[in-house]
Protein chains: 2
Amino acid sequence: MSGKEIRRSMPLFPIGTVMQLTDLTARQIRYYEEHQLISPARTEGNRRLFSLIDIDRLLEIKDLLDQGVNMAGIKQLFMVKEQLTTMTEKQTEKAKPDLTNEQLRKLLRNELLHSGRLNRSSLRQGDISRFFH
Amino acid sequence: MSGKEIRRSMPLFPIGTVMQLTDLTARQIRYYEEHQLISPARTEGNRRLFSLIDIDRLLEIKDLLDQGVNMAGIKQLFMVKEQLTTMTEKQTEKAKPDLTNEQLRKLLRNELLHSGRLNRSSLRQGDISRFFH
DNA sequence: ATCTCATGTCAGGAAATCTAACATGGTTTT
DNA sequence: AAAACCATGTTAGATTTCCTGACATGAGAT
């Protein structure tokens, strides 16, 4: 994991700040956590602490909800996207040509298995980090 | 003010987070505020909220204290530095040659007026923003 | 007409922070 | 050496923020 990623995953923000930054209510944020769309860290005293990555993700959730995707759909999307990034990374360190096809197939199979009608999602990069230079 | 500066001056962090980030106690942070070395924003409920700039400044204060500079000295240093930046900015938008000398004189006069023995300060750029890409 | 889903709202409790005051151990100053 | 000063520790009581859990609600799906 790069230094940059470490920094972006550092839990820094209390829920109040995140509410302002994302324009979501506490209820919404907790609800998304309940449905495992985010997993903010906790302080010793059990308060949520959010990272930049968490905040990006919340913005993405907001976007997808606006587009009519429901919790389950968003969850699937995130899983697929994560797999995709994981594979892209692996691919970066190996040869491209045939792995690509394998991976594509895997991806498609995955989508088909679990109600695979999610692909018209935006895949927009929520990006709160523009808040920092 | 550039967008970047706006972002860096956005009040986001509660004192607990700042304590961890700077390795200062709450007492220390409040004491520095009492002496007007920082002016964190406040929530509606009067809780302090710190910006990246505040945090940078706290790290700088820590450095200077380690080097034996006291509150008053740090305060002077910050004033001089601010004047310097202000002038540098003004200078950027105007001609350089003769203004530079005028400004230098101003700076020196300022230093001489108020116990001008502060110049061996580090002028180190405290930089918490390395925490963000 | 009922059910589900995302969200609002409220209550009671716990954690984090606030201010103010007094304590303390090094440095200066007298 | 005694007194004063400075940066920080510590404690107390009050206030704010956040927590979980429960119930309420309105728009869509069934």
Side-chain angles (χ1 to χ4, degrees), chain A residues 11-51 54-55 57-78 114-115 117-118 121 126, chain B residues 11-51 54-55 57-78 115 117-118 121:
Chain A
L12 296 173
F13 308 96
I15 202 171
T17 297
V18 176
M19 288 170 65
Q20 294 189 183
L21 251 28
T22 60
D23 208 35
L24 292 167
T25 67
R27 181 67 166 93
Q28 288 174 302
I29 296 172
R30 294 191 193 114
Y31 185 68
Y32 305 151
E33 180 184 15
E34 199 177 324
H35 285 260
Q36 303 162 50
L37 300 184
I38 50 172
S39 316
R42 299 282 181 137
T43 66
E44 275 192 12
N46 199 37
R47 256 123 163 114
R48 272 167 264 255
L49 272 192
F50 299 79
S51 68
D54 289 326
I55 296 178
R57 203 171 247 241
L58 284 171
L59 290 175
E60 213 175 335
I61 292 171
K62 208 180 161 196
D63 250 40
L64 291 168
L65 280 172
D66 280 349
Q67 294 173 57
V69 183
N70 64 10
M71 296 291 106
I74 297 175
K75 199 168 174 183
Q76 291 302 316
L77 258 174
F78 282 173
H114 328 22
S115 66
R117 52 188 175 348
L118 304 169
S121 140
Chain B
L12 296 173
F13 308 96
I15 202 170
T17 298
V18 176
M19 289 170 64
Q20 293 190 183
L21 251 28
T22 61
D23 209 36
L24 292 166
T25 66
R27 182 67 167 94
Q28 288 174 301
I29 296 171
R30 295 192 193 112
Y31 185 69
Y32 304 152
E33 180 183 14
E34 197 178 325
H35 286 261
Q36 302 161 50
L37 300 184
I38 49 172
S39 316
R42 298 284 182 137
T43 67
E44 277 192 11
N46 198 38
R47 251 103 172 125
R48 273 167 264 255
L49 273 192
F50 299 78
S51 68
D54 289 327
I55 296 178
R57 202 170 248 242
L58 284 171
L59 291 176
E60 215 176 333
I61 292 169
K62 209 180 161 196
D63 249 40
L64 291 168
L65 280 172
D66 280 349
Q67 295 174 58
V69 183
N70 64 10
M71 296 291 107
I74 296 176
K75 199 169 174 182
Q76 291 301 317
L77 257 175
F78 281 173
S115 66
R117 52 189 174 349
L118 304 169
S121 140

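Every chain is numbered from 1, with letters handed out A, B, ... down the list of sequences. Here the structure is a predicted model, which is why all the values come from computation and not from measurement.
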What distance do M71(A) atom CE and I74(A) atom CD1 have between them, rounded to the nearest 0.5 Å?
4.5 Å
Looking at dC18(C), I'd like to know if its phosphate oxygens (OP1 or OP2) sit under 4.0 Å from a side-chain N or O belonging to R48(B).
yes
Closest nucleotide among dA7(D), dC18(D), dT7(C) to the M71(B) side chain:
dA7(D)
How many angstroms lie between CG in D54(A) and CZ in F13(A), if you round to the nearest 0.5 Å?
10.0 Å
Return the 5'-most residue of the pair F50(B), N46(A) with respect to DNA chain C, ranking by each residue's nearest nucleotide.
N46(A)
What is the separation between atom CG on L65(A) and atom C1' on dG28(D), rounded to the nearest whole Å?
15 Å
Excluding sequence neighbours, so at least two apart, what forms side chain to side chain donor-acceptor pair (under 3.5 Å) with R42(B)?
E33(B), N46(B)
Return whichever of N70(A) or G45(A) has its heavy-atom-nearest nucleotide of DNA chain C closer to the 5' end.
N70(A)
What one should report as the nearest heavy-atom pair of I38(B) and I29(B) is CD1-O, 3.9 Å
Quick check: do K62(B) and Q28(B) have side-chain heavy atoms less than 4.5 Å from each other?
no
Correct closest heavy-atom pair for P40(B) and L49(B) would be CB-O, 3.7 Å
With rounding to the nearest 0.5 Å, note down the distance linking CD in Q36(A) to NZ in K75(A).
4.0 Å
Taking CD from E33(B) and C1' from dT19(C), how many angstroms apart are they, rounded to a whole number?
12 Å
Using heavy atoms and a sub-4.0 Å distance, could you list which residues of residues 35-44 of chain A are near DNA chain D? By number, please.
R42(A)
side-chain contact (heavy atoms from CB on, under 4.5 Å) with I55(A): of T22(A), T17(A), L12(A), only one passes, and it is T22(A)
Please report the distance, rounded to the nearest Å, between CD1 in I74(A) and C1' in dC5(C).
12 Å
For the side chain of R47(A), starting at C-beta, report the closest nucleotide among dC18(C), dC19(D), dA7(D).
dC19(D)
Report yes if at least one side-chain N or O of Y31(B) is closer than 4.0 Å to OP1 or OP2 of dA7(D); otherwise report no.
yes
Starting from P on dA6(C), measure out to OH on Y32(A) and report it in whole angstrom.
9 Å
Could you tell me the separation between the CG atom of L58(B) and the CZ atom of F50(B), rounded to the nearest 0.5 Å?
6.5 Å
For atom CG of L49(A) and atom C1' of dA16(C), their distance in whole Å
11 Å
Where along residues 23-30 of chain A does a heavy atom fall under 4.0 Å from DNA chain C?
T25(A), R27(A), Q28(A)
